[in-house]
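Here the structure comes first, spelled out in structure tokens, and everything after it is commentary.
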2 protein chains.
Amino acid sequence: MARTAGSDGEKTEATIREAAVNLIARFGYEAMSMRQLAAEVGVQAAALYRYFPTKEELLFTLMREHMEGLTEAWETARPVNADPVQRLSAYVENHITFHIERRHATHVSNMELRSLSPERLTQILRMRTAYEKELRTILRDGAETGTFSIDDTGLTAMALIQMMTGVIVWFRPGERLSIAEVTTTYLSMTMRLVGAKIDAYGAARPFGRAKDAAAF
Amino acid sequence: MARTAGSDGEKTEATIREAAVNLIARFGYEAMSMRQLAAEVGVQAAALYRYFPTKEELLFTLMREHMEGLTEAWETARPVNADPVQRLSAYVENHITFHIERRHATHVSNMELRSLSPERLTQILRMRTAYEKELRTILRDGAETGTFSIDDTGLTAMALIQMMTGVIVWFRPGERLSIAEVTTTYLSMTMRLVGAKIDAYGAARPFGRAKDAAAF
DNA sequence: GAATTAATTAAACGTTCGTTTTATTATTGC
DNA sequence: GCAATAATAAAACGAACGTTTAATTAATTC
């Protein structure tokens, strides 16, 4: 009926975050109750409010940190002074790896946007748009230099992102394919989709050369 | 406080279906209350239970009919005795057209699966799997005859479906692009993604010949 | 070791939810 | 035009929801 032995705020907060991502991904934000979350964490529902003032703020925190993580991952992975093929390769690889490794958090960020207040929705969408713009820039550069042949840059960017993010719907770790195999195949499909020149792509390939060269 | 003048069961049921699809697509199944739905229809909440025994049965009905509609549309559109390129073209065209014209129902069928009971979920997933299998068959046939060059048939099918269905996320009728323009561009991207031979595709093209020939 | 602060429980609050019950009126069939 | 039935309204049910308040104990500080 009060503070329990060995209790630690930082640990509790981390446990809440983790449990919330899993529960929301599985049941949905609206369907997850604060009591259910508290039970999963091992505390009473009231204890959650020491860490997050409202249920929506908890959701927003999860989404914001997911988007920040994605942006940071890309800033780290983004090659400097590279040609469009290399940059597109890096984007695809980073996107798929990041999303597969954070399947549940991605599910939350993609499916629960409508549960955010307008202001918070705008904030998340702004981060998402900025991230997607990076891809559009790569595609446009590649189209202008003749490396890619693309009808509609914006439409192609959306198609690629939907295709790549869709991996989390069917991918299950430890089954038929490894992350690396999935990434390789998606890289190959992406390059064909944007009409990348074989030579330019072949020269830029970071891994899996033999199998993919045949795929073209 | 009882039956109202001009009330008609069939009309009311149709109105409920329509309003439910829109509300669930906008707010989500869990977030939509039966009272909210009733208000949208213009009746009391109790009246809904004359048409659907539970909220979940209502959701299931909407999903089942959406999947049945998709299956029927494909059975009508499916070409007989056609080569893989023609069949893939028909599949893409049917899929995109159907989904764009039923954006809200598609949203419901894709996002609210976790609100179904296990038995109903299985039933919907069975219909979906059967529909997706049609695409895998086309891809496999094309790969075997050398018309397509594909790494992994199952993976490519999932990638294509995610890419095509993703249209409903960003497409808004009456904006920059028409349905036909979107379909044409997606057809072009699809054919490149599966490595279709240009000649075979060009010969099979049902529409938009000039623009798309250039796209390859 | 006393005072302070951090972490939590237990209980309750008002609201809303899906659903049921009962009564009432419009329409239809004969 | 009268009985049967279809279509609704009004009110209520118990349960669950997000959240708040107050009390209580563990850990930390000095």
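Chain naming here is simple, since letters A, B, ... match the order of the sequence lines and numbering starts at 1 in each.
Closest to the A:Arg50 side chain, of the nucleotides D:dT8, C:dT8, D:dG18, is C:dT8. Side-chain proximity of B:Gln44 to the nucleotides C:dG18, D:dT8, D:dA9 is greatest for D:dA9. For B:Arg35, the listed nucleotide lying nearest its side chain is D:dA12; candidates were D:dT19, D:dA12, C:dT9. Of the candidate nucleotides C:dA7, D:dG18, C:dG18, C:dG18 has the atom nearest to the side chain of B:Lys55.
Close to C:dT8, at under 4.0 Å from its OP1 or OP2, lies a side-chain N or O of A:Tyr51. Residue A:Thr12 has no polar side-chain atom (N or O) positioned under 4.0 Å from OP1 or OP2 of C:dA7. Here A:Ser33 does not reach the OP1 or OP2 of D:dA16: none of its side-chain N or O atoms lies under 4.0 Å away.
Here D:dT20 presents its C1' atom at 13 Å from CE of A:Met34, a figure rounded to the nearest Å. In this structure, CD of B:Glu13 is placed 14 Å from P of D:dA6, rounded to the nearest angstrom. Summarising the geometry, the separation between CG on A:Leu59 and P on D:dG18 is reported as 13 Å, rounded to the nearest angstrom. Distance OH (A:Tyr49) to P (C:dA12): 19 Å, rounded to an integer number of Å. Summarising the geometry, the separation between CD on B:Glu57 and P on C:dT19 is reported as 10 Å, rounded to the nearest angstrom. For the pair A:Leu23 CG and D:dG18 C1', the interatomic distance rounds to 16 Å; values are reported in whole Å. The CG-C1' distance, from A:Leu48 to D:dC17, rounds to 14 Å in whole Å. The CZ-P distance, from A:Phe52 to D:dT20, rounds to 16 Å in whole Å.
Where A:Ala46 and B:Tyr29 meet DNA chain C, the nucleotide closest to each residue was compared, and A:Ala46 sits on the side nearer the 5' end.
Residues A:Met189 and B:Leu160 fail the side-chain proximity criterion, which asks for heavy atoms closer than 4.5 Å. No side-chain heavy atom of B:Leu58 sits under 4.5 Å from any side-chain heavy atom of B:Tyr51.
Geometrically, A:Arg87 does not engage A:Tyr91 in a cation-pi contact, judged by NZ or CZ lying under 6.0 Å from the ring centre and within 45° of the ring axis.
Side-chain N/O atoms of A:Glu119 and A:Ser117 include a donor and acceptor closer than 3.5 Å. Side chain to side chain, A:Asn22 and A:Arg17 fail the donor-acceptor criterion of an N or O pair below 3.5 Å.
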